[in-house]
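What follows is a single structure, written as structure tokens, with notes after it.
This is a predicted model, so every value here is computed, not measured.
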Amino acid sequence: MTTLMLKNVILETGFHYEGNRVTATKTGSYDVLVKDGKVEKVGESLTDSADTVIDAGGNLLMPSMREMHIHVDKTYFGGPWKACIPITNGIVTRIEEEEKLLPRQLPVALQRAEKMIEWLLSQGHTHIRSHCNVDPQIGTKHIEVTLEAFAKFEGMLTYDIVAFPQHGLLRSNSEALMREAMRKGATLVGGVDPATIDRDIERSLATTMDIATESGKGLDIHIHDGDSLGAFEFKKLAELAIQAGKVGQTTISHAIALGDLKGAELEQMTSILREAKIDVTTTIPTNRPTIPVQYLQKNGVNVSLGHDSLTDHWSPYGTGDTIEKLSTLAERFRFMDEYSLNRTWQYATGGIMPLDDDGNSVWPKVGDDANFLLIDAVCSAQAVARRKPITRVIFQGNVVSENGIVRNGLQIGGAKRD
């Protein structure tokens, strides 16, 4: 049995109103006792003894974050600076580049994956979902590398590994490799653009669903296709998910077409996704219409955030800072008032927030997982708008990162943005 006492943390307790408008967030100073990774007590001036006592000094306590779309297996992060080559043939440019690049990068893939995981942990993520290439050039070696990298952070975070046929499940004839990847330890079945890449929507999606059914796992499929083409793919995926018993086990990453649909078309598609309990992950792109995050969430389609990459051959951008990503989301949708800024935190945590929509205190409660962030902020609205720094990351009642330095004893080195 291990115990942790957090003294003098700031918790959000409700909203201040002027009429019907939220004007500020109510907060108070509390102590939180953690026992065996769970919240044991929350109160003012607790006197219980604990193995570890931390004076938070008035830092804001918030739920830790989930990085729901990243590629730790193919990155320049931790290596020398390298910008991207120009795209001349759409996504095929990148696929053809990978066929030569990934085998060359294999000797440094583990070290770079470790560096990226370390950085993401220091930025407040206690769960990471990484898509991991499976293709004829590298086979399932990236699955092995990614499993080894995450194993070094055991007890510091949780993770999913998506077996991802980046070069096309059908296009690269990777069905057998995908089935092998699932046997080797991938936790989700991936896919990519069944129309644009595989050129056979029904066979691509049906084969992907068959792999998921055989392995007993869920799915996370990249769909970049826009407008009515993307919408058709969403509809077919939803139908297959219901038929295969994968309701609530399917994610569409990017889901770019949702940014193109309007009015009755968007309403109908939202209903289809809601029925199959398909959730959506977005990077909040700034170079095209962003999916209607708030509308989807309010209408039963859960939305989460991911960075996709920090720096690689696809993009030289990306920071791994999800508070910054939330701020970008808020700016994109003009969330400037206290209430809308407060509600953005849900997109980073799988829906966990200190206050419900009506301002009732719902977190932390006795029995909750002790996965926390301490932030130098007066409330979450300020943290998002002003991009305030994280001072500590706590996973299952243990401090795993402090002031950006991960406590892993692995001698990987202090977290540092590439």
Side-chain angles (χ1 to χ4, degrees), residues 66-71 91 129-132 160-166 168-169 178 186-198 200-202 204-213 217-261 265-285 288-308 329 346-348 350-351:
R66 299 165 62 85
E67 166 55 73
M68 294 301 286
H69 189 112
I70 196 71
H71 298 259
I91 194 173
R129 177 179 290 188
S130 179
H131 296 258
C132 184
D160 278 310
I161 297 175
V162 185
F164 179 48
Q166 174 74 81
L169 178 64
M178 285 287 291
T187 60
L188 293 166
V189 178
V192 60
D193 295 332
T196 304
I197 302 299
D198 274 345
D200 190 332
I201 295 172
E202 296 208 12
S204 178
L205 289 176
T207 304
T208 303
M209 192 64 70
D210 184 65
I211 295 170
T213 300
K217 304 297 185 181
L219 306 92
D220 189 333
I221 300 181
H222 293 53
I223 301 183
H224 306 87
D225 296 325
D227 298 301
S228 58
L229 176 58
F232 180 77
E233 291 171 304
F234 300 166
K235 186 173 184 292
K236 296 303 295 185
L237 178 59
E239 290 172 358
L240 287 171
I242 291 171
Q243 292 169 13
K246 297 297 180 183
V247 172
Q249 300 178 54
T250 304
T251 298
I252 300 175
S253 283
H254 302 298
I256 281 172
L258 291 173
D260 301 322
L261 303 180
E265 288 183 329
L266 177 60
E267 184 178 348
Q268 181 183 29
M269 182 53 60
T270 301
S271 177
I272 289 169
L273 297 178
R274 183 174 60 242
E275 181 185 4
K277 294 184 180 178
I278 291 176
D279 60 273
V280 174
T281 300
T282 179
T283 62
I284 311 297
R288 68 168 335 278
T290 305
I291 70 171
V293 172
Q294 191 176 39
Y295 173 86
L296 292 166
Q297 191 79 19
K298 284 186 174 180
N299 286 279
V301 177
N302 291 328
V303 180
S304 57
L305 300 183
H307 288 84
D308 203 356
L329 183 158
Q346 63 189 306
Y347 304 116

First locate atom [atom1] of [X], then atom [atom2] of [Y], and finally report the distance between them rounded to the nearest 0.5 Å.
X    : Y    : atom1 : atom2 : result
C132 : Q166 : SG    : CD    : 11.5 Å
I242 : L237 : CD1   : CG    : 10.0 Å
H307 : I70  : NE2   : CD1   : 7.0 Å
T207 : E202 : OG1   : CD    : 11.0 Å
I161 : T187 : CD1   : OG1   : 6.5 Å
I197 : I91  : CD1   : CD1   : 4.0 Å

Practice prompt. Please test F234 against I223 for side-chain contact (heavy atoms from CB on, under 4.5 Å), starting from the C-alpha separation and ending with a verdict.
Written response: CA-CA 8 Å; F234 300 166; I223 301 183; 3.6 Å; yes
Do you know which two heavy atoms are closest between [X] and [Y], and how far apart they sit?
X    : Y    : result
G190 : I221 : C-CG1, 4.5 Å
E267 : Y295 : CA-OH, 3.5 Å
A231 : A257 : N-CB, 3.8 Å
A186 : A163 : CB-CB, 3.8 Å
L229 : A195 : CD1-CB, 3.7 Å
T281 : S304 : OG1-OG, 3.0 Å

Do [X] and [Y] have side chains that get closer than 4.5 Å, going by heavy atoms?
X    : Y    : result
Y347 : M68  : no
L273 : I252 : yes
H71  : D308 : yes

Positive for side-chain contact (heavy atoms from CB on, under 4.5 Å) with [X], one of [options]:
X    : options                : result
L266 : I291, D260, L258, N299 : L258
K246 : L240, V189, T213, I278 : T213
N302 : Q297, K277, R274       : Q297

- Query: Checking side-chain contact (heavy atoms from CB on, under 4.5 Å) for the pair I284/V293: CA distance, chi angles, key distance, verdict?
  - Reply: CA-CA 9 Å; I284 311 297; V293 172; 4.0 Å; yes
Residues at least two apart in sequence or cross-chain that pass salt bridge (Lys or Arg N to Asp or Glu O under 4.0 Å) with K217, listed by chain then number, are none
Taken in chain and number order and not counting sequence neighbours, the residues that satisfy salt bridge (Lys or Arg N to Asp or Glu O under 4.0 Å) with E239 are K235, K236
ask   = Would a distance-only check, ignoring hydrogens and angles, find a side-chain to backbone donor-acceptor pair under 3.5 Å from D198 to L169?
value =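 Side chain of D198 to backbone of L169, a donor-acceptor pair under 3.5 Å: yes, one is there.
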inquiry  = Donor-acceptor check, side chain of T290 to backbone of P285, threshold 3.5 angstrom: yes or no?
reply    =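 At least one qualifying donor-acceptor pair exists.
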### Message
Show me the pairs that pass salt bridge (charged side-chain N to carboxylate O under 4.0 Å, His left out) and involve residues 220-232, at least two apart or across chains.
### Response
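Only R129-D220 qualify under salt bridge (charged side-chain N to carboxylate O under 4.0 Å, His left out).
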Contacts satisfying salt bridge (charged side-chain N to carboxylate O under 4.0 Å, His left out) that involve residues 291-302 (not counting sequence neighbours) are none
Among residues at least two apart in sequence or on other chains, which ones pass side-chain hydrogen bond (donor to acceptor under 3.5 Å, both in side chains) with T282?
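Residues passing side-chain hydrogen bond (donor to acceptor under 3.5 Å, both in side chains) with T282: none at all.
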Holding to ring-ring contact (aromatic ring centres under 6.0 Å, His included), I want the full list of residues that pass it with H254, two or more places apart in sequence or in another chain.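 Applying ring-ring contact (aromatic ring centres under 6.0 Å, His included) to H254 gives H69, H222, H224.
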